[in-house]
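For clarity, every value in this text was computed on a predicted model and none was experimentally measured.
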Amino acid sequence: MADSGSHNFTRKLQDLNPSTISIQSLSKWMLFNYKAAAQLVRTWTKEFMILKPERKLVFMYLANDVMQQSRKKGKDFINEWQKVLPGVYFNIFKTCGGIPKTTTEAARLGQIWQERGMFEASFITELNNALKGTYTPSAEEITPASTPRGSSRTLSTSGAEPAIPPTVTSLGEILVRLGEHLKEAEKLQAQLAALPPACFAASDSHPEVPAGVTADALEMAAQMLGAERQVLEDCKREHQQALGKVRELLTTQMQQAQDNDAKIEANATKTNALAAVKEKLKDMPQNLHFKPPGGAAPPPPLADSEDDDEEEPSTKRQKTD
């Protein structure tokens, strides 16, 4: 992973919170970068080991979501986390003794992974032992080895796979967040539709409480309307950001298209010039010698007769006399 990509992921991990939207958004971003599973899990582990105990559980929820959602693509994420989970569980044992929920949830996640066939029962037993402090993981399980340089599984431009432009990555993240906001808005709208219609009968001109409606129902309706307004404002913001990225992409593509047209025209000019030179070469004498760049000079022409070899020494004697 390039330094910028690693730093970007670290920042995302630091911004992670226990909300479903936050976990699922980052999970989808990681799945979008599936080819970099090894680097992502290594960064996740590094950050997990230095986390405050109260934040470790949300990291476990993120790992769970990524592993379960990635099974359709393959087992890369599962295999990478299998290398470090014993060390992770041992770290929970050492640091989260005062937070029973973290230990309980970690054991529950292990049971889920076993039931869904993600890990063997023997591996889950290792995790449970690490969680109890009766299993000491190896150094490699605590700190995974770095992926060799030149690996194709990176977020950078190494390997045969082209790098994803930052604008495209940003647009993908915006669309993921937008999709989550829209789902939340639909959920709130369904909840509002289930409330008694009389809850919404009050107006500025008739502020009295409608008949048959309790104050609690009105309070709930007000809270839901406030939440819906907030979610719709979030959708509006994401829409505006998405449109901005699309415009940026269009501008970039138009510029690249113009550059390509200029290169095509220059290529055609050079091709025509070479063709003209080739035609002229056909009319030139064939006994001309060509010295290739960096090559040896051609041999001198052969003398017409044996007398030609004596001409130069004869001339020298005449001058001497």
Scanning both residues in full, the closest heavy-atom pair of Asp76 with Ala37 reads CB-CB, 4.0 Å

Please name the pair of heavy atoms, one in Tyr89 and one in Leu127, separated by the smallest distance, quoted to 0.1 Å. CD2-O, 3.4 Å

Name each donor-acceptor pair under 3.5 Å that joins a side chain in residues 16-23 to protein atoms two or more places apart or in another chain, with its distance.
| residue | atom | partner | partner atom | Å |
| --- | --- | --- | --- | --- |
| Asn17 | OD1 | Ser19 | N | 2.9 |
| Asn17 | OD1 | Ser19 | OG | 2.5 |
| Ser19 | OG | Ser22 | N | 3.2 |
| Ser22 | OG | Asn17 | N | 3.1 |

With no hydrogens and no angle check, is any side-chain donor or acceptor of Ser27 less than 3.5 Å from a backbone partner on Leu62? no

I need the Thr95 OG1 to Glu54 CD distance, nearest 0.5 Å. 10.0 Å

Please test Gln14 against Thr10 for side-chain contact (heavy atoms from CB on, under 4.5 Å), starting from the C-alpha separation and ending with a verdict. CA-CA 6 Å; Gln14 293 170 350; Thr10 300; 3.7 Å; yes

Counterpart residues, salt bridge (Lys or Arg N to Asp or Glu O under 4.0 Å), relative to Asp65 (two or more places apart): none

Go through the structure and list residues passing side chain to side chain donor-acceptor pair (under 3.5 Å) with Lys245, not counting sequence neighbours. none

Intermediate values then yes/no, side-chain contact (heavy atoms from CB on, under 4.5 Å), Ile112 and Gln68: CA-CA 10 Å; Ile112 291 174; Gln68 298 215 43; 3.8 Å; yes

Kindly give the heavy-atom pair with the smallest separation between Leu182 and Cys235, and that separation in Å. CD2-SG, 3.7 Å

Might you point out which heavy atoms bring Phe93 and Ala130 nearest each other, and give the distance in Å? CB-O, 3.4 Å

Could you grab the distance from atom CZ of Arg229 to atom NZ of Lys236, nearest 0.5 Å is fine? 13.0 Å

Give the other cluster members for Val231, using side-chain heavy-atom distances under 4.5 Å between Ile, Leu, Val, Met, Phe, Trp and Tyr residues; answer none if it is isolated. Leu188

Could you check whether any side-chain N or O of Asn267 sits under 3.5 Å from a backbone N or O of Lys263, counting only pairs where one atom can act as donor and the other as acceptor? no

Same hydrophobic cluster for Leu249 and Leu243, using side-chain heavy-atom links shorter than 4.5 Å among ILVMFWY? no

Is the number of heavy atoms from other residues, nucleotides or ligands under 6.0 Å of Glu265 CD greater than 12? no

Would the number of heavy atoms belonging to other residues, nucleotides or ligands and lying under 6.0 Å from CD of Gln191 be above 12? yes

Return the set of residues passing side chain to side chain donor-acceptor pair (under 3.5 Å) with Gln24 (not counting sequence neighbours), or none when no residue passes. none

Membership question, hydrophobic clusters at under 4.5 Å side-chain separation (ILVMFWY): are Met49 and Trp81 in the same one? yes

Please report the interatomic distance CD(Gln114) to CZ(Phe119), rounded to the nearest 0.5 Å. 11.5 Å

Apply the test salt bridge (Lys or Arg N to Asp or Glu O under 4.0 Å) to residues Lys83 and Glu80: give CA-CA distance (whole Å), side-chain angles for both, the deciding distance (0.1 Å), then the verdict. CA-CA 5 Å; Lys83 300 175 184 177; Glu80 292 301 326; 3.3 Å; yes

Taking the six-membered ring for Trp, are Trp44 and Phe9 ring centroids under 6.0 Å apart? no

Side-chain heavy atoms under 4.5 angstrom apart, residues restricted to Ile, Leu, Val, Met, Phe, Trp, Tyr: same cluster for Val58 and Ile99? no

Lys12, NZ atom: more than 12 neighbouring heavy atoms under 6.0 Å: yes

Test item: Asn64 side-chain N/O and Met60 main-chain N/O as donor-acceptor pair under 3.5 Å: no

Presence of salt bridge, Glu184 and Lys187, under 4.0 angstrom: no

Please give me the minimum heavy-atom distance between Met118 and Lys75, naming the atom from each residue. O-NZ, 4.3 Å

Evaluate the criterion side-chain contact (heavy atoms from CB on, under 4.5 Å) for residue pair Trp29 and Leu40; output intermediate values, then yes/no. CA-CA 11 Å; Trp29 182 87; Leu40 293 174; 3.8 Å; yes

Same hydrophobic cluster for Ile174 and Leu26, using side-chain heavy-atom links shorter than 4.5 Å among ILVMFWY? no

Salt bridge (Lys or Arg N to Asp or Glu O under 4.0 Å) between Glu186 and Lys183: does it pass, once the steps are laid out? CA-CA 5 Å; Glu186 291 177 359; Lys183 288 180 182 179; over 6 Å; no

State, without any angle test, whether Asn260 and Gln256 hold a side-chain donor-acceptor pair at a distance under 3.5 Å. no

Please test Arg11 against Asn8 for side-chain contact (heavy atoms from CB on, under 4.5 Å), starting from the C-alpha separation and ending with a verdict. CA-CA 5 Å; Arg11 188 178 69 252; Asn8 185 34; 2.6 Å; yes

Pairs where residues 109-118 contributes a residue and the test salt bridge (Lys or Arg N to Asp or Glu O under 4.0 Å) is met, not counting sequence neighbours: none

Determine, step by step, whether Glu105 and Arg108 satisfy the salt bridge (Lys or Arg N to Asp or Glu O under 4.0 Å) criterion, reporting the C-alpha distance in whole Å, the side-chain angles of both residues, the deciding distance to 0.1 Å, and the verdict. CA-CA 5 Å; Glu105 284 294 289; Arg108 186 181 68 86; 2.9 Å; yes

Taking CZ in Arg237 as the centre, count heavy atoms belonging to other residues, nucleotides or ligands within less than 6.0 Å. Is the count above 12? yes

Nearest-0.5 Å distance, CG of residue Leu131 to CG of residue Asn91: 11.0 Å

Is it true that a side-chain atom of Lys56 and a backbone atom of Phe48 form a donor plus acceptor pair closer than 3.5 Å? yes

If you look at every heavy atom in Leu192 and Ala221, which pair is closest and at what distance? CD2-O, 4.1 Å

Is there a path of hydrophobic side-chain contacts, each under 4.5 Å between heavy atoms, that joins Phe59 and Ile50? no

